[in-house]
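Written below as structure tokens is the structure these notes are about.
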Amino acid sequence: ISNLQRIGLYKYYVADFTNCSRGDYASREMSYSDACVNVYTSDGLVSTFHVPVGREGVIWEVFEIRYGTLIPSQRYYQAVQDKDWWSTK
């Protein structure tokens, strides 16, 4: 984890763009996609996260980095239309 990541809070999300753009926020397609996220540092692979299966939603909050510490989240969101973090550009 670089020095930049040690001085703040960062969250990593995966979005199901297809179903988001269709307005199908309760889709389960991403949860059956076998998606995974690998996290690497200069030391190599430090963690692997697999998409939770059978969940409704189009946004997968995978993990956060809080002041240099990797913290798994594994949250799913389907009600994203009214969220500031989703609609703010």
Side-chain angles (χ1 to χ4, degrees):
I1 297 175
S2 72
N3 287 336
L4 175 67
Q5 294 164 329
R6 293 184 187 279
I7 59 171
L9 172 65
Y10 302 85
K11 292 191 177 196
Y12 188 89
Y13 297 90
V14 173
D16 175 352
F17 179 78
T18 300
N19 286 300
C20 281
S21 62
R22 289 181 188 152
D24 185 5
Y25 302 114
S27 172
R28 292 178 185 251
E29 286 184 33
M30 183 166 49
S31 74
Y32 292 110
S33 68
D34 292 327
C36 74
V37 172
N38 293 317
V39 180
Y40 292 88
T41 67
S42 58
D43 296 326
L45 180 66
V46 294
S47 195
T48 298
F49 298 94
H50 297 276
V51 66
V53 176
R55 304 283 303 272
E56 289 183 355
V58 290
I59 304 294
W60 169 30
E61 181 183 323
V62 184
F63 63 87
E64 64 182 61
I65 298 172
R66 191 178 305 160
Y67 301 104
T69 301
L70 185 71
I71 301 167
S73 301
Q74 295 293 69
R75 293 184 187 100
Y76 246 76
Y77 297 97
Q78 65 186 37
V80 295
Q81 313 86 293
D82 62 342
K83 303 288 190 235
D84 288 340
W85 53 265
W86 174 251
S87 58
T88 304
K89 294 181 181 183

Residues that, via side-chain heavy atoms closer than 4.5 angstrom, fall in one hydrophobic cluster with Phe17: none
For Gly54 and Ser31, work out which heavy atoms get closest and say how close. N-OG, 3.2 Å
Among residues at least two apart in sequence or on other chains, which ones pass salt bridge (Lys or Arg N to Asp or Glu O under 4.0 Å) with Arg28? Glu56
Is there a side-chain contact between Val37 and Val14, using heavy atoms and a 4.5 Å cut-off? yes
Salt bridge (Lys or Arg N to Asp or Glu O under 4.0 Å) filter on Arg75, not counting sequence neighbours, yields Glu61
Quick one, Thr69 and Tyr67 - any side-chain contact, counting heavy atoms below 4.5 Å? no
Run the side chain to side chain contact (heavy atoms under 4.5 Å, CB included) test on Asn19 and Met30 for me, step by step, so that the C-alpha distance in whole Å, both residues' side-chain angles and the decisive distance to 0.1 Å come before the verdict. CA-CA 9 Å; Asn19 286 300; Met30 183 166 49; over 6 Å; no
Are Val39 and Phe63 side-chain neighbours, meaning at least one heavy-atom pair lies under 4.5 Å? yes
Which atom pair, heavy atoms only, marks the closest approach of Asp24 to Val58? O-CG1, 3.4 Å
How far apart are the closest heavy atoms of Asp34 and Val51, and which atoms are they? N-CG1, 4.1 Å
Hydrophobic side-chain clustering at under 4.5 Å (ILVMFWY, transitive links): who's grouped with Tyr32? Put none if nobody. Val53
Out of curiosity, Ile65 CD1 to Leu70 CG, how far, rounded to the nearest 0.5 Å? 6.0 Å
Residues which pass side-chain hydrogen bond (donor to acceptor under 3.5 Å, both in side chains) with Ser21, listed by chain and number, not counting sequence neighbours: none
Got a sec, which residues hit side chain to side chain contact (heavy atoms under 4.5 Å, CB included) with Pro52, two or more places apart in sequence or on another chain? Arg55, Trp60, Gln74, Tyr76
